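In what follows, chains carry the letters A, B, and so on, assigned in the order in which the sequence lines appear, proteins first and then strands, with residues in each chain numbered from 1. Bear in mind the structure is a predicted one, so any value in this text is a computation, not a measurement.
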Amino acid sequence: MNNAQRGLTQHMYMGEDWREHLQSENDGTMRIKAHGDMKVDARIVTDQNHLAKYADDRGPEQLVNAASLPGIVGEAWAMADWHFGYGLPIGGVIATDTEAGELGGAISPGGVGFDINCGVRVLALEATIDDIPNIKKLGGRIAGRIPAGASGKGGLDISMSDLDEIISGGAQSAADLGFGHSKDLENLESGGRLETNNVELSTRAKERGMRALGTLGSGNHFLEIQCVESVEDNETAKHWGLYEGQLLAMIHSGSRGLGHQVCSEHSRKLEQMYKRDGNRWYNENWDFHVADRQLACAPFHSKEGQQYLDDMNGAANFAFANRSALAHRLREVLTLEMGIDGEAKTLYDVAHNIAKVETHMIHGKNCQCAVHRKGATRAFGGDQLELNSHFKITGQPVLVPGDMGTGSWIMSGPISGQNQAFGSSCHGAGRSLSRTKAKKTIDGKALKQKLENSGIRVHASTPNVLSEEAPDAYKDVDEVIELTSKAGLARPVARIIPKVVVKG
DNA sequence: ATGTTC
């Protein structure tokens with residue numbers, strides 16, 4: 001039985017009761033007042049109109065379930081691109097008090113997701129579209145250099161000791177191995193490295209990692225050469241060196257099979273530690289109840305909680321190194337084709353599937369939290385100590401991929417202070433059609449032709465991935481950005497359109 | 001998301 005099937009047979013939902021507890025906040029969000037087992041209110045970045053469009057999506061039920069997690073604080077959030085996921089909806093943000101109860105509040109693999117440290121890196125080129133002599137040729141060269149798809153071929157040749165270095169050292173280790181510049185590091189979330197104490201990855205997880213460094217993966221992962229279409233915030237764009245007509249490269253990838261293996265093993269182990277108790281699930285060692293077995297969790301300070309945190313951080317480090325390796329491969333092509341390699345500077349690199357220990361103000365008091373962001377981008381204010389001082393007067397760049405036909409956005413966190421969603425923002429447009437439904441209804445070949453007619457070069461490993469990832473399979477990214485902005489989570493800086501799309 | 005089923 002795979003994870004999805006295991007989940008489907010064992011989860012338990014609270015149904016549609018939440019609709020009776022729903023109220024509009026008229027600030028780009030709606031609130032579900034705590035009821036039943038909920039310990040906190042839930043907030044969805046949406047409005048009546050937007051919510052009605054996705055009435056079939058069971059994400060809000062999952063958010064209600066998450067609001068009963070042990071040690072949860074503040075509110076359980078869903079970003080504007082939310083949709084149904086494993087346990088917690090994609091777009092979910094939950095924070096638990098690491099010091100709640102005897103061993104601390106919950107840390108949950110399902111609250112992070114399978115692709116640990118899936119994230120986005122943007123490189124800013126010192127070039128415009130007119131500087132590319134032959135975009136078709138460039139697209140072909142990039143597609144030839146960047147392995148994409150589920151084949152698992154084309155990873156960089158590394159030794160087991162290289163892999164161990166990467167798991168503990170992240171992007172720094174990738175730079176040491178010759179993949180990427182060390183000057184990029186200050187523009188990566190957490191410097192491209194999360195602290196690990198005692199990572200114990202399985203042989204299988206490591207085997208999957210050995211083959212995958214420098215590969216894009218499939219599904220919604222991509223590499224795009226993009227063009228800044230419009231600047232919405234002149235001052236911020238100028239400070240970041242962005243201008244209309246400029247070329248960017250956006251890399252969207254994660255920890256590949258290694259992270260998937262880590263999530264599978266920990267969620268499986270924890271799920272087995274919960275037994276049915278009425279319509280909930282119970283672990284008597286920790287006296288923890290969860291509404292959905294897919295939200296199986298351990299206390300933050302328990303052996304199991306700390307081991308997940310360590311292994312997750314190791315997988316996150318692999319993902320940072322993977323995006324470094326992908327950027328390195330891209331720079332090699334740009335050098336060859338355009339002679340502009342080293343000038344492709346890293347604007348930023350940010351995770352959108354991760355749990356991090358952060359301090360946040362809860363009811364007027366500082367609280368150390370395990371912030372789970374699952375399909376949610378960190379969006380820190382400029383005064384947060386972790387950020388490169390370059391972002392002090394703007395806030396952190398928030399990189400939001402849209403879909404391959406419409407465009408993407410670069411936003412910014414607040415100039416100072418933290419937003420109300422634990423310093424988080426949306427991570428994309430959000431799916432509106434399931435992969436299965438998209439495959440059935442969208443003709444991949446016709447879509448490729450349509451995109452190419454509108455000036456977008458598309459390289460995809462299979463026609464199916466085009467159907468699954470078609471613009472029509474996604475929500476309207478501009479509407480998602482507008483709601484995010486209205487809720488005060490992040491502010492739009494620039495809208496970006498694709499020129500070359502490489503997809504798995 | 002995923003060597004797309006342990």
Side-chain angles (χ1 to χ4, degrees), chain A residues 1-10 59 62 81-92 108-120 147-155 163 201-223 251-269 271-272 294 312 315-316 318-319 322-323 326 351-355 372-377 401 403 427-431 433-440 460-469 473-474 503-504:
Chain A
M1 206 169 8
N2 67 24
N3 287 309
Q5 288 164 337
R6 191 168 80 242
L8 282 172
T9 56
Q10 297 180 355
Q62 294 184 309
D81 53 333
W82 97 88
H83 58 96
F84 187 80
Y86 188 89
L88 187 71
I90 317 295
S108 170
V112 170
F114 281 85
D115 190 4
I116 293 166
N117 191 5
C118 187
V120 181
S151 79
K153 294 194 179 118
L163 181 66
L201 299 196
S202 65
T203 307
R204 206 155 162 206
K206 286 187 170 186
E207 278 171 359
R208 296 180 76 172
M210 284 287 283
R211 302 201 293 250
L213 192 70
T215 67
L216 205 48
S218 63
N220 65 0
H221 290 167
F222 65 76
L223 185 152
I251 295 167
H252 180 196
S253 187
S255 52
R256 312 287 286 100
L258 182 147
H260 191 276
Q261 191 67 32
V262 169
C263 178
S264 299
E265 289 170 12
H266 281 276
S267 60
R268 164 168 312 241
K269 184 178 77 179
E271 284 170 21
Q272 284 169 350
Q294 293 181 0
M312 181 201 65
F318 182 80
N322 188 38
R323 290 196 289 276
L326 287 161
H352 54 228
N353 277 17
I354 194 82
H372 298 62
R373 297 191 181 91
K374 182 186 189 179
T377 310
D403 66 69
H427 89 307
R431 293 202 76 86
L433 291 181
S434 71
R435 292 185 182 281
T436 319
K437 205 162 181 185
K439 264 186 287 199
K440 269 187 207 153
S461 63
T462 65
N464 265 351
V465 80
L466 285 171
S467 311
E468 287 177 24
E469 297 297 315
Y474 280 91
K503 284 200 75 78

In this structure, how many angstroms lie between the [atom2] atom of [N] and the [atom1] atom of [X], rounded?
X: A/Ile116; N: B/dT2; atom1: CD1; atom2: P; result: 12 Å
X: A/Phe114; N: B/dT2; atom1: CZ; atom2: P; result: 12 Å
X: A/Leu216; N: B/dT4; atom1: CG; atom2: P; result: 18 Å
X: A/His252; N: B/dT2; atom1: NE2; atom2: C1'; result: 14 Å
X: A/Asn117; N: B/dT2; atom1: CG; atom2: P; result: 13 Å
X: A/Lys503; N: B/dT2; atom1: NZ; atom2: P; result: 11 Å
X: A/Glu265; N: B/dC6; atom1: CD; atom2: C1'; result: 12 Å
X: A/Phe318; N: B/dT2; atom1: CZ; atom2: P; result: 11 Å

Would one find a side-chain N or O of [X] under 4.0 angstrom from OP1 or OP2 of [N]?
X: A/Ser218; N: B/dT2; answer: yes
X: A/Arg435; N: B/dT4; answer: no
X: A/His260; N: B/dT4; answer: no

- Query: Taking the nucleotide of DNA chain B with the closest heavy atom to each, which residue, A/Arg431 or A/Glu468, is nearer the 5' end?
  - Reply: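 Of the two residues, A/Arg431 wins.
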- Any donor and acceptor pair, going by atom type alone, linking the side chain of A/Lys503 with main-chain N or O of A/Ser461 inside 3.5 Å? no
- Message: Strictly distance-based, threshold 3.5 Å: is any side-chain N or O of A/Asn353 a donor or acceptor partner for the main-chain N or O of A/Cys118?
- Response: no
- Using a cut-off of 4.0 Å on non-hydrogen atoms, how would the nucleic acid contact of A/Arg211 be classed: base, sugar-phosphate, or nothing?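 Result for A/Arg211 = base.
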- Message: Applying a 4.0 Å non-hydrogen cut-off, can you work out what A/Gly219 is touching in the nucleic acid: base, sugar-phosphate, or nothing?
- Response: sugar-phosphate
Among the nucleotides [options], which one has an atom lying closest to any side-chain atom of [X]?
X: A/Arg204; options: B/dC6, B/dT4, B/dT2; result: B/dC6
X: A/Arg256; options: B/dT2, B/dC6, B/dT4; result: B/dT2
X: A/Arg268; options: B/dT4, B/dT2, B/dC6; result: B/dC6

- Task: Using the side-chain contact (heavy atoms from CB on, under 4.5 Å) rule, pick out the option among A/Lys374, A/His266, A/His372 that qualifies with A/Val112.
- Result: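 The side-chain contact (heavy atoms from CB on, under 4.5 Å) with A/Val112 is passed solely by A/His372 among A/Lys374, A/His266, A/His372.
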- Once you round to the nearest 0.5 Å, how far does CG of A/Leu258 lie from CG of A/Asn322?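 Here the interatomic distance stands at 10.0 Å.
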- Measure centre to centre between the rings of A/His427 and A/His252, then say whether the value is under 6.0 Å.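 Between A/His427 and A/His252, the centre distance exceeds or equals 6.0 Å.
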